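We use all heavy atoms of the structure for the numbers below, so side chains are in, but hydrogens, waters and symmetry mates are not. In this chain, residues are counted from 1 in sequence order. All figures in this text were calculated on a predicted structure; none of them were measured in a lab.
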Amino acid sequence: MDIAILPSTLLLTLLLSVGLFFFIRASTKDRIEKAQLVSEQDEAALMSQLKEYFRSRSYRVAAVDQEQNQVTFEGFVRPSRFLAVFLTLLAFAGLACLSLVLALLFPDSSQLFPAIVLLSPLSGLFYWKKAGRLEKVSLKIELNQSEQRSSSGITVIAHRDELAELQRALQLKAGD
């Protein structure tokens, strides 16, 4: 094989391995966002609907601030089995490619490099340990009075997936 091909292939494989490492690490990152949502319902009906929604998703009321009309819910978010297996398979493929390139580059030690793929379950284990955590959702409800109608504005601080599901389930509109 051409001498320039193997080092450049190793460089590209190492760059892809770095990307894979950061992808696996990012799978456990908190993605907390703040959103302004609007509902046509009055404050009392909306609050009971929100409590029922979070109760059905295994959240519990952690704190209530009557003065600021703010409620904090918390619940344990379990890691995804699918994602743990998926990350393990991605790590297996990436480490297999790296071991193949290293075996081609260093043929004298080629029997040792396939053992690198035995590290792939560590990515699934890493995800499993870090992804299961206590999530908090903070809600603040404000009544918006206008000439035509009244609506309730909600300021929500939560994980972006939880925000999307809340908006979909309760048919809330994005505010300003």
Side-chain angles (χ1 to χ4, degrees), residues 1-37 50 53-63 72-139 154-176:
M1 212 178 251
D2 191 0
I3 301 245
I5 293 174
L6 286 177
S8 63
T9 304
L10 176 64
L11 177 66
L12 290 174
T13 305
L14 288 175
L15 288 174
L16 289 171
S17 298
V18 168
L20 177 63
F21 170 77
F22 283 109
F23 180 77
I24 292 169
R25 206 176 102 204
S27 68
T28 62
K29 183 180 177 192
D30 277 340
R31 288 171 174 80
I32 304 297
E33 293 182 358
K34 183 177 184 178
Q36 302 282 350
L37 304 174
L50 286 167
Y53 168 79
F54 284 111
R55 187 195 61 76
S56 72
R57 296 194 43 96
S58 299
Y59 281 84
R60 65 175 181 79
V61 177
T72 303
F73 294 93
E74 64 181 26
F76 184 75
V77 176
R78 294 180 310 163
S80 164
R81 286 187 186 133
F82 171 77
L83 195 52
V85 170
F86 181 67
L87 291 173
T88 301
L89 291 174
L90 280 179
F92 178 82
L95 292 173
C97 291
L98 180 63
S99 70
L100 177 63
V101 171
L102 289 173
L104 288 173
L105 197 57
F106 305 106
D108 296 336
S109 307
S110 63
Q111 288 78 18
L112 300 175
F113 295 121
I116 293 175
V117 298
L118 297 176
L119 298 174
S120 61
L122 292 178
S123 64
L125 186 65
F126 170 79
Y127 166 77
W128 196 263
K129 296 256 187 218
K130 296 279 188 174
R133 63 183 169 271
L134 198 62
E135 290 274 338
K136 291 190 178 195
V137 177
S138 180
L139 299 169
I154 312 164
T155 303
V156 184
I157 301 172
H159 190 277
R160 70 178 179 191
D161 295 338
E162 192 64 53
L163 284 172
E165 182 61 25
L166 174 68
Q167 194 171 356
R168 185 198 64 76
L170 300 181
Q171 286 95 30
L172 300 171
K173 298 175 186 156
D176 309 322

| Rounded distance (nearest 0.5 Å) linking atom CG of L170 with atom CG of L37 | 9.5 Å
| remark: Nearest heavy-atom contact between L20 and G94 is CD2-CA, 4.1 Å
| request: Search all heavy atoms of L163 against all heavy atoms of A158 and return the closest pair with its distance. | output: CD1-O, 3.9 Å
| Looking at side-chain heavy atoms only, is the closest gap between L98 and F113 below 4.5 Å? | no
| request: Determine the minimum heavy-atom distance between R31 and A26, stating which atoms define it. | output: NH2-O, 3.0 Å
| Straight-line distance of E33 CD to R160 CZ, nearest 0.5 Å | 6.5 Å
| query | Taking atom CZ of F76 as the centre, does the number of heavy atoms from other residues, nucleotides or ligands within less than 6.0 Å exceed 12? | reply | yes
| message | With a 4.5 Å cut-off on side-chain heavy atoms, are Y127 and S80 touching? | response | yes
| query | Is atom CZ of R78 surrounded by more than 12 heavy atoms (other residues, nucleotides or ligands) closer than 6.0 Å? | reply | no
| Atom pair OG/CZ of S27 and F22 - distance to nearest 0.5 Å | 13.0 Å
| task | Flag the pair E135 and R133 as a salt bridge only when some basic side-chain nitrogen lies within less than 4.0 angstrom of an acidic carboxylate oxygen. | result | yes
| Residue pair S123 / S120: nearest heavy atoms and the distance that separates them | OG-O, 2.8 Å
| field | Over 12 non-hydrogen atoms of neighbours within 6.0 angstrom of CZ in F126 | value | yes
| Ring geometry between F54 and F73 (parallel below 30°, tilted from 30 to 60°, perpendicular above 60°) | parallel
| Gap between atom CD1 of I5 and atom CG of L10 - 0.5 Å precision | 13.5 Å
| Separation between OG1 of T28 and CH2 of W128, rounded to the nearest 0.5 Å | 14.0 Å
| query | Could you give the distance from CG (L83) to CG (L87), rounded to the nearest 0.5 Å? | reply | 4.5 Å
| said: A side-chain contact here means heavy atoms from C-beta on lying under 4.5 Å apart; do V137 and L166 qualify? | reply: no
| Over 12 non-hydrogen atoms of neighbours within 6.0 angstrom of OH in Y53 | yes
